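Here's the structure, in structure tokens; my notes come after.
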Amino acid sequence: MGRRESRRLGVVQAAVQGRMTNREGALALGLSLRQFKRLRKQVREREAAGVVHGNRGRPSMRRLCAEVRERVREMLIGEVKLNDHHLAELLVAEGIVVSPASVRRIRQEHRLPPKRRRRPPRHRRRRERRARRGELVLIDGSPFQWFDVAGPAWTLLGAIDDATGDILALTLRPTEDLHGYVTLLRDLIATHGVPECLYGDRSGILIRNDKHWSVAEELAGRQSPTHFGRMLEALAVRFIAATSPQAKGRVERLWATLQDRLAAELRLRGLTTFEAAMAYLPTFIHDHNQRRGRAPADSASAFRPAPRDLDRILACVYERVVARDNTVRVTGRWIQVPPGPHRRSWHKARVEVRELLDGRALVVHPRHGVLVEQPGPGAGFVLESRRGPRESQRLAQNDARGSHQSRDRDPARPRSRPKSQGLGTLTNIRRPSPSHPWKRAVNPNRPPTVAGAGG
């Protein structure tokens with residue numbers, strides 16, 4: 001008997017003993033006079049059990065049937081771990097309507113732990129969402145074993161809209177690299193348009209983190225951006241670099257959801273290859289956005305139409321000088337430039353080599369446009385930052401110099417002097433002999449000699 005029933009029992013017993021009227025008892029309990037008379041009759045017949053509801057201890061009429069409860073238990077103890085909400089949604093797809101609260105109660109009855117341990121909430125300062133779609137897009141990568149627990153870890157790159165929380169694009173890569181981010185940007189622009197601003201971390205793929213300034217950068221007053229940063233500048237997209245994971249918490253929470261749901265969906269469907277997973281991602285994005293997306297505060301969209309030369313913008317650009325044999329070289333490939341008008345040579349001409357996402361290479365002249373287009377090497381091409389021959393040689397010399405200086409020297413061993421390179425290598429003058437007048441000591445007390453005087 002609870003507190004409510006014990007209070008009712010005392011008032012009804014006082015009315016049975018004649019210490020108060022039925023009307024006074026009904027007012028004290030907040031019941032109608034007719035209901036109080038029924039309650040008084042039950043107490044007179046059944047004593048204290050008369051105030052207890054008749055359904056106490058009986059199973060609910062809305063209780064789940066045994067077949068449904070057994071189906072929930074089978075999915076809870078299966079090999080693929082599912083959270084309560086995800087399991088309820090999967091059962092709805094099978095035609096079984098079960099609430100997440102019911103799944104949680106069944107899990108607790110069988111003493112099964114939850115998929116993820118819940119942490120107490122921490123104090124964070126709220127950042128208001130942007131008002132329009134495309135005004136701010138968060139991008140990031142998450143390495144995880146998406147296909148199999150025992151398999152290798154792949155990196156899932158994703159973009160999420162800040163105003164609606166919709167997933168805009170997803171792509172899988174073996175590692176977090178430039179090719180993956182450019183593919184993600186291409187899919188985002190092709191599907192939705194060019195956003196106003198991107199929000200990401202401080203990866204070296206996205207921003208410059210080194211302190212090296214070339215002479216041209218010092219004269220320009222700014223460091224040259226990375227290849228990805230140059231693409232964003234060409235698209236007029238601003239980039240914000242986050243200083244902590246909490247600053248881009250929305251995309252970080254997205255990874256928690258995808259590592260929970262997407263990995264389980266791939267394993268339930270038996271999708272263990274890259275091609276099968278990439279084919280399923282659009283379906284997952286559509287279902288996720290319909291269930292978890294929200295309407296923006298402003299119905300207007302901030303996405304801009306994609307430019308016509310998007311494939312040329314999403315490329316790595318290298319400045320080169322055409323060699324005497326009318327070729328330009330990028331690490332790993334060389335391109336033959338055809339003759340110009342009237343069989344003219346392009347020797348010493350400054351051109352741009354654009355390496356596209358599909359592997360094609362374009363040699364672009366500032367005034368004459370595209371001089372030649374070289375096809376891609378094949379399906380296994382990976383877009384990455386390449387260095388020129390001189391830059392690679394300079395970096396190798398710096399590494400060799402640093403390793404030479406870092407070696408431990410023997411204090412008793414005299415330092416060897418560099419060998420002379422011979423006449424004509426550095427200067428046209430040989431090293432003077434020890435008896436040369438230049439080697440004589442200077443006597444400050446000696447009077448100066450007069451020109452033409454003897455001795």
Side-chain angles (χ1 to χ4, degrees), residues 173 177-190 194 204-208 210 212-217 219-220 222-237 239 305-397:
R173 292 292 300 166
D177 56 356
L178 176 63
H179 190 96
Y181 275 109
V182 178
T183 304
L184 180 72
L185 183 61
R186 181 199 61 186
D187 297 344
L188 168 64
I189 296 176
V194 182
I205 303 173
L206 307 178
I207 63 172
R208 287 276 299 273
D210 60 288
H212 173 73
W213 286 66
S214 64
V215 177
E217 291 173 346
L219 294 175
R222 63 186 292 266
Q223 278 186 318
S224 300
T226 61
H227 288 288
F228 190 80
R230 187 203 56 77
M231 299 175 196
L232 296 184
E233 289 185 356
L235 293 169
V237 177
F239 182 81
R308 297 181 179 178
D309 55 345
L310 180 63
D311 57 340
R312 296 187 182 181
I313 295 177
L314 302 181
C316 292
V317 180
Y318 308 96
E319 294 184 358
R320 292 291 184 268
V321 178
V322 181
R324 188 179 296 275
D325 57 352
N326 286 278
T327 59
V328 289
R329 295 180 180 272
V330 181
T331 305
R333 66 195 305 174
W334 62 274
I335 307 171
Q336 180 71 54
V337 182
H342 307 288
R343 302 291 297 177
R344 62 167 293 184
S345 174
W346 299 102
H347 174 48
K348 293 186 178 182
R350 293 187 175 273
V351 295
E352 285 185 351
V353 179
R354 291 181 174 264
E355 199 168 28
L356 309 185
L357 186 59
D358 56 1
R360 292 179 297 154
L362 305 179
V363 179
V364 184
H365 192 272
R367 291 185 300 172
H368 300 276
V370 179
L371 301 182
V372 62
E373 177 179 342
Q374 187 183 68
F381 173 77
V382 176
L383 185 66
E384 58 184 0
S385 178
R386 306 178 188 273
R387 299 185 178 96
R390 294 184 179 179
E391 187 177 2
S392 301
Q393 184 179 5
R394 179 180 58 83
L395 294 176
Q397 291 176 355

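In this text, all values refer to a predicted model and were calculated from it rather than measured experimentally.
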What donor-acceptor contacts under 3.5 angstrom involve side-chain atoms of residues 336-343, with partners at least two apart or in another chain?
unit_1	atom_1	unit_2	atom_2	d
Gln336	NE2	Asp325	O	3.1
Gln336	NE2	Asn326	O	2.9

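His365 and Trp346 have tilted rings, their planes meeting at an angle from 30° to 60° on a 0 to 90° scale.
Checked against side chain to side chain donor-acceptor pair (under 3.5 Å), His227 has the following partners two or more places apart in sequence or in another chain: Ser385. Residues forming a side-chain contact (heavy atoms from CB on, under 4.5 Å) with Gln223 (at least two apart in sequence, or on another chain): Arg208, Asp210, Trp213, Glu217. Residues passing the side chain to side chain donor-acceptor pair (under 3.5 Å) test with Arg333, sequence neighbours excluded: Glu355, Gln374. Scored by the side-chain contact (heavy atoms from CB on, under 4.5 Å) test, Arg186 finds Thr183, Leu314, Leu357 as partners (sequence neighbours excluded).
For the residue pair Leu383 and Leu178, the shortest heavy atom distance occurs at O-CB, 4.0 Å. In terms of heavy atoms, Pro225 sits closest to Gly229 at CB-C, 4.0 Å. When all heavy atoms of Phe381 and Asp358 are compared, the closest pair comes out as CD2-C, 4.1 Å. Across all non-hydrogen atoms, the minimal contact from Ile205 to Phe228 is O-CB, 3.5 Å. Taking all atoms of both residues into account, the shortest heavy-atom contact from Arg230 to Ile313 is NH2-O, 3.2 Å. Of all the heavy atoms in Gly359 and Pro377, the pair that sits closest is O-CD, 3.6 Å.
For residues 305-319, the pairs satisfying side chain to side chain donor-acceptor pair (under 3.5 Å) are Asp311-Arg360, with sequence neighbours left out.
Residue Glu352 holds its CD atom at 11.0 Å from CG of Leu371, rounded to the nearest 0.5 Å. Rounding to the nearest 0.5 Å places CG of Leu206 at 6.5 Å from OG1 of Thr226.
Taking 4.5 Å as the limit, some side-chain heavy atom of Pro307 sits within range of a side-chain heavy atom of Val194. In this structure, the side chains of Leu185 and Leu235 come closer than 4.5 Å at one or more pairs of heavy atoms.
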